[in-house]
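Below: one structure, written as structure tokens.
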Amino acid sequence: MPAQLPDAQPAHPHAALTADDPREIGGYRLQARLGSGGMGVVYLAHTPGGRPIALKAVREEFAGDPEFRLRFAQEVASAERIHGLFTAQVVASGVDAPTPWLATAYIPGPSLHQVVQRHGPLPVRTVLLLMAGIAEALQAIHGAGVVHRDLKPANVLIAEDGPRVIDFGIARAADAVALTGVGLSIGTAAFMAPEQALGRPVSPATDVFALGALIAYVASGETPSGGVGVGRPVPGGP
């Protein structure tokens, strides 16, 4: 598989920590910012043995909500059961910490969104290889009783040996705070199944719909709605 995949080098350098960022979470010393979104900030850190990890700290408004904490703990427990070759393995978590957090293996590669933005539509052979890996990741995720809910190009990282699906299932916990009673759903509009957009119960089929949208995006360079890019995030999405 690696020979047919696009360049797996990171597209952007890591951002330096700001004055407002903590320097340590859960015993892990933070070294850089990897990104931020609706649920929290993702940091680069290392285990005591030197293994790099991606540590996501949730936002303060979520941390103060008991219902979010309960759902977050449930989703983390489910995520810890996922052991797919094409997922980012959960390393550690702090569901009871003042600021809940989750650490997964760090994938030193660009997102699928960055790859398509850099290279444009990918060759059919590459698309098929990528989609096979992502489908296998979904099989592992669904086998653990988890629905991803926000499968999009930004949540697929490209490693040297294939794709890695990240952020599986955790978005469900945010429903408790950001979206209760508002009639909105966590996710990204261009990759969202109709039932999710309508606020109805989701299932593994919801992720299969998103996988189809991903195939269209990678093969054409455009979202299923016809725009270039990853689409408009729904409020509360990462």
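Counting from 1, the numbers follow the sequence of the chain as shown.
Put simply, the side chain of T47 gets close to the backbone of R51: a donor and an acceptor are under 3.5 Å apart. Listed for the D207 side chain is a donor-acceptor partner under 3.5 Å among the backbone atoms of R149.
With contacts defined as side-chain heavy-atom distances shorter than 4.5 Å, the pair M39/F68 qualifies. Between L130 and I158 there is a side-chain heavy-atom pair separated by less than 4.5 Å. Annotation: side chain of Y217 is not in contact with side chain of K152 (no heavy-atom distance under 4.5 Å). Looking at heavy atoms from C-beta onward, V156 lies out of side-chain contact with R164 at the 4.5 angstrom threshold. Side-chain contact between V165 and I141 is present, with heavy atoms from C-beta onward closer than 4.5 Å.
In this structure, OG1 in T87 is found 12.0 Å from CG in D167, a value given to the nearest 0.5 Å. Remark: L122 CG to L129 CG distance equals 11.0 Å, nearest 0.5 Å. From I82, atom CD1 reaches atom NE2 of H148 across 9.0 Å, with rounding to the nearest 0.5 Å. A distance of 10.0 Å separates CG in L198 from CE in M192, rounded to the nearest 0.5 Å. Taken from NZ in K56 to OG in S93, the straight-line distance is 14.0 Å, to the nearest 0.5 Å. Atoms OG1 and CD, on T104 and E80 in that order, are 12.0 Å from each other to the nearest 0.5 Å.
Taking the side chain to side chain contact (heavy atoms under 4.5 Å, CB included) definition, one finds that A213 meets it with F191, P224, sequence neighbours left out. For L128, the side chain to side chain contact (heavy atoms under 4.5 Å, CB included) partners two or more places apart in sequence, or in a different chain, are V124. In this structure Q31 satisfies the side chain to side chain contact (heavy atoms under 4.5 Å, CB included) test together with H46, sequence neighbours excluded. Checked against ring pair (Phe, Tyr, Trp, His ring centres under 6.0 Å), Y43 has no partners two or more places apart in sequence or in another chain. Take A219 and apply the side chain to side chain contact (heavy atoms under 4.5 Å, CB included) test, not counting sequence neighbours, and it matches V127. Under the rule for a side-chain hydrogen bond (donor to acceptor under 3.5 Å, both in side chains), the partners of Q89 that lie at least two apart in sequence or sit in another chain are H83. Partners of T206 according to the side-chain hydrogen bond (donor to acceptor under 3.5 Å, both in side chains) rule, which considers only residues two or more places apart in sequence or in another chain, are E195.
Nearest heavy-atom pair across Y28 and P48 is CE2-CD, 4.2 Å. Taking both residues in full, the closest heavy atoms of I134 and L112 are given as CD1-CD2, 4.4 Å, listed atom of the first, atom of the second, then distance. The two residues S111 and P153 make their nearest non-hydrogen contact at CB-O, 3.7 Å. Across every non-hydrogen atom of P66 and G64, the tightest pair is CD-O, 3.6 Å. F72 and L102 make their closest contact through CZ-CB, 4.2 Å (heavy atoms, listed as atom of the first residue, atom of the second, distance). Between H142 and V146, the shortest heavy-atom distance links the atoms CD2-O, 3.1 Å.
Note: the hydrophobic cluster containing L55 also contains L17 (ILVMFWY, side chain heavy atoms under 4.5 Å, direct or indirect links). By the rule that hydrophobic residues join a cluster once side-chain heavy atoms approach within less than 4.5 Å of another member, V218 and L151 end up as members of one cluster. Under the 4.5 Å side-chain heavy-atom criterion for ILVMFWY residues, a single connected hydrophobic cluster contains both V41 and I25. Linking Ile, Leu, Val, Met, Phe, Trp and Tyr whenever their side-chain heavy atoms come within less than 4.5 Å puts V116 and L211 in one cluster. F209 and V147 fall into different hydrophobic clusters, where Ile, Leu, Val, Met, Phe, Trp and Tyr side chains are chained together by heavy-atom contacts under 4.5 Å.
A salt bridge does not link E75 with R71: every distance from a Lys NZ or Arg NE/NH1/NH2 to an Asp or Glu carboxylate oxygen is 4.0 Å or more.
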Let me check something: any side-chain donor-acceptor pairs from residues 94-101 under 3.5 Å, sequence neighbours excluded? List them with distances.
none

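Judged as a salt bridge (Lys or Arg N to Asp or Glu O under 4.0 Å), the pairs with a partner in residues 18-30 (not counting sequence neighbours) are, in order, D21-R33.
When hydrophobic side chains of Ile, Leu, Val, Met, Phe, Trp and Tyr are connected at separations under 4.5 Å, I107 ends up clustered with L157, I166.
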